[in-house]
Amino acid sequence: MAEPTFTPRVFSGIQPSGGLTLGNYLGALKRFVDMQNDGTHECVFCVVDLHAITVWQDPAALTAQTREAAAAFLAAGIDPEHSILFNQSQVPEHAELGWLFNCVARMGWMRRMTQWKEKAGKNSEEASLGLFGYPALMAADILAYHATHVPVGEDQKQHLELTRDIATKFNHDFGRDFFPITEPVIGGPAARVMSLRDGTKKMSKSDPSDMSRINLSDDADMIAQKFRKARTDPEPLPETYEGLKDRPEARNLVDIYAAMTGQTTEQVMSEHAGAGWGQFKPALAEVAVETMAPITGEMNRLMADPGEIDRLLSRGAERARAIAAPIVKETRAIMGMVG
Ligand code: TYM
């Protein structure tokens, strides 16, 4: 049988579980915008509120954070006329396909997820069932659109492998090549932006230290201060990127610089070889402020009109549903459900 061909389509999502960081921007948003603008894929982007509630969310905060995440997509350059932008809970097919996939995925697959182990920790008996099943819902997000490409940061790699496993098992169990085997799109210097306090830990909105991350809401002074105080080592920058192998904090700052300027890491090294931190950190802070200030400004402008954001999300949800509903309907039919 000929391989089915799928429309090239990008899907990706961001949780509204707190303010967004430079890691979300460089590892995800900026790359979403690049994929939108290169014009080769139809793009579907989602604020994944159903994922956020796998851990406790104050309702008023969830509403505000959902609008803030939507504003971040728009401020970064997602065009809501061209791409589809919506919040997950407005398209019920996500929850529905998530349930169908709960019955395809295996307990053992879920138990192996490092994010589950990290988030549930020693207290897994107290974790929500939703947190355990999180990756099946993520697979549903992607496969409800027959998405072929999923741009994400490195931390989501294992979840995307599980998405491929679910698609493969479904196709095998029901004898149909119905779901695509999605390609993760992970790469570039910002696939894993690290904490500014500890180069072995990911930059994260849940880190207790605010100095460990750049928030998309930080102003220019705060950004400069955080880079000035970022942990480094006493050595100047070496000649080559290879020379940063055992210097995680230094490598992280070079990676951030490269991702923000669009240079390769080798280009950054050849420009800054021999520089001390007294030189490199201010250069980095300047590039960061130049990149982030317009985005933060635009986010603030957009958030002043929450009604407009809500309208955009609802319109995006209608367009998303027009793609997802027939795919989920056919999934039910393949499984033998009447109606
Ligand atoms: P979330 O909300 O944690 O992060 C959103 C995106 O930002 C990337 N990211 C990073 N990239 C580089 N360095 C970092 N320090 C960093 N921190 C975050 C993440 O890799 C992600 O791409 N499970 C997902 C959300 C999701 C999803 C999906 C993604 C739900 N359904 C379907 C893709 C497709 C998550 O929690 O991302």
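Reckoned from all heavy atoms, side chains included, excluding hydrogens, waters and symmetry mates. Both counts, for ligands and for their atoms, begin at 1 and track the order of listing.
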Should the pair [X]-[Y] be classified as a salt bridge under the 4.0 Å nitrogen-to-oxygen rule?
X      : Y      : value
Lys329 : Glu93  : no
Asp155 : Lys202 : yes
Glu161 : Arg164 : no

statement: Taken in chain and number order and not counting sequence neighbours, the residues that satisfy side-chain contact (heavy atoms from CB on, under 4.5 Å) with Glu318 are none
message: Holding to salt bridge (charged side-chain N to carboxylate O under 4.0 Å, His left out), I want the full list of residues that pass it with Asp173, two or more places apart in sequence or in another chain.
response: Lys169
message: Connecting only ILVMFWY residues whose side-chain heavy atoms lie within less than 4.5 Å of each other, what is the rest of Ile53's hydrophobic cluster?
response: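 Besides Ile53, the hydrophobic cluster comprises Leu62, listed by chain and residue number.
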Extract all N/O-N/O pairs under 3.5 Å that connect ligand 1 to the protein, and present each with both atom names and the distance rounded to 0.1 Å.
| unit_1 | atom_1 | unit_2 | atom_2 | d |
| --- | --- | --- | --- | --- |
| ligand 1 | 2 (O) | Gln15 | N | 2.9 |
| ligand 1 | 4 (O) | Asn24 | ND2 | 3.3 |
| ligand 1 | 7 (O) | Asn24 | ND2 | 3.1 |
| ligand 1 | 11 (N) | Gly23 | O | 3.3 |
| ligand 1 | 13 (N) | Val193 | N | 2.8 |
| ligand 1 | 15 (N) | Val193 | O | 2.8 |
| ligand 1 | 15 (N) | Met203 | O | 3.0 |
| ligand 1 | 20 (O) | Gly153 | N | 2.8 |
| ligand 1 | 20 (O) | Asp155 | OD1 | 2.4 |
| ligand 1 | 22 (O) | Gly153 | N | 3.2 |
| ligand 1 | 23 (N) | Tyr134 | OH | 2.6 |
| ligand 1 | 23 (N) | Gln156 | OE1 | 3.0 |
| ligand 1 | 31 (N) | Asp141 | OD2 | 2.6 |
| ligand 1 | 36 (O) | Gln15 | NE2 | 2.8 |
| ligand 1 | 36 (O) | Tyr134 | OH | 2.8 |

